[in-house]
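Note: hydrogens, waters and symmetry copies are ignored here, and every other heavy atom, side chains too, is used. Counting from 1, the numbers follow the sequence of the chain as shown.
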Amino acid sequence: MSKAHRGTGVRTEPNHGRGKCPRCGNENIKVLYEKEIDGNTVKICKFCNAQLKNIARKEARASKAAAAAAAPATEEAPAEA
C-alpha cells in the first residue's frame, strides 16, 4: 500500500519544519517539538527533545531514590526512642 499521507503535518510548517535548533545549534534540521526553555516556548529538534526527556527521567529516579533513602531513616528514629 502507498504512503500518500506521510509527512502531511510537516507540509504546513514554514520550510517544511526545517530550521535551526536553538538548543544544539544544528542547521537545516527538523524542529518540530515545542518545549519551554528559560521561560520561552521554542521548537527544538528530535535529538534535543530526547535528551531533555532522558535528563528529566534520571532526575526523577534520583529524587525517588533520595526520598526512599530518607524515609526509612525518619521512620527508624521514633521507633528507637
Side-chain angles (χ1 to χ4, degrees):
M1 298 188 82
S2 67
K3 310 281 194 246
H5 303 292
R6 192 176 277 187
T8 55
V10 180
R11 292 180 195 153
T12 59
E13 296 286 326
N15 206 15
H16 294 282
R18 292 191 175 267
K20 183 177 180 179
C21 179
R23 188 166 185 272
C24 64
N26 283 345
E27 293 182 8
N28 202 23
I29 192 167
K30 288 183 182 176
V31 285
L32 303 172
Y33 304 93
E34 289 187 359
K35 288 288 182 176
E36 186 173 328
I37 299 175
D38 298 330
N40 298 328
T41 302
V42 294
K43 288 192 172 189
I44 59 174
C45 67
K46 176 181 181 178
F47 304 109
C48 291
N49 187 42
Q51 189 176 27
L52 289 174
K53 282 186 176 181
N54 286 334
I55 290 170
R57 182 179 51 85
K58 287 178 184 177
E59 287 176 355
R61 286 185 78 186
S63 66
K64 185 178 178 182
T74 57
E75 291 176 11
E76 291 179 283
E80 294 174 7

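Legend: salt bridge (charged side-chain N to carboxylate O under 4.0 Å, His left out) pairs involving residues 53-65, not counting sequence neighbours: none detected. Pairs passing the salt bridge (charged side-chain N to carboxylate O under 4.0 Å, His left out) check and including a residue from residues 14-28, sequence neighbours excluded, do not occur.
Partners of Thr41 by side-chain contact (heavy atoms from CB on, under 4.5 Å), not counting sequence neighbours, listed by chain and number: Glu34. In this view, Arg11 and Thr8, His16 satisfy the side-chain contact (heavy atoms from CB on, under 4.5 Å) rule, not counting sequence neighbours. By the side-chain contact (heavy atoms from CB on, under 4.5 Å) test, Glu13 pairs with Lys43, sequence neighbours left out.
Through direct or indirect side-chain contacts shorter than 4.5 Å among Ile, Leu, Val, Met, Phe, Trp and Tyr, Leu52 is connected to Val10, Leu32, Tyr33, Ile37, Val42, Ile44.
Minimum heavy-atom separation, Cys45 to Cys21: N-SG, 3.6 Å.
Heavy-atom neighbours of Lys35 NZ from other residues, nucleotides or ligands within 6.0 Å: above the threshold of 12.
Here the CZ-CG distance, from Phe47 to Asn26, works out to 8.0 Å after rounding to the nearest 0.5 Å.
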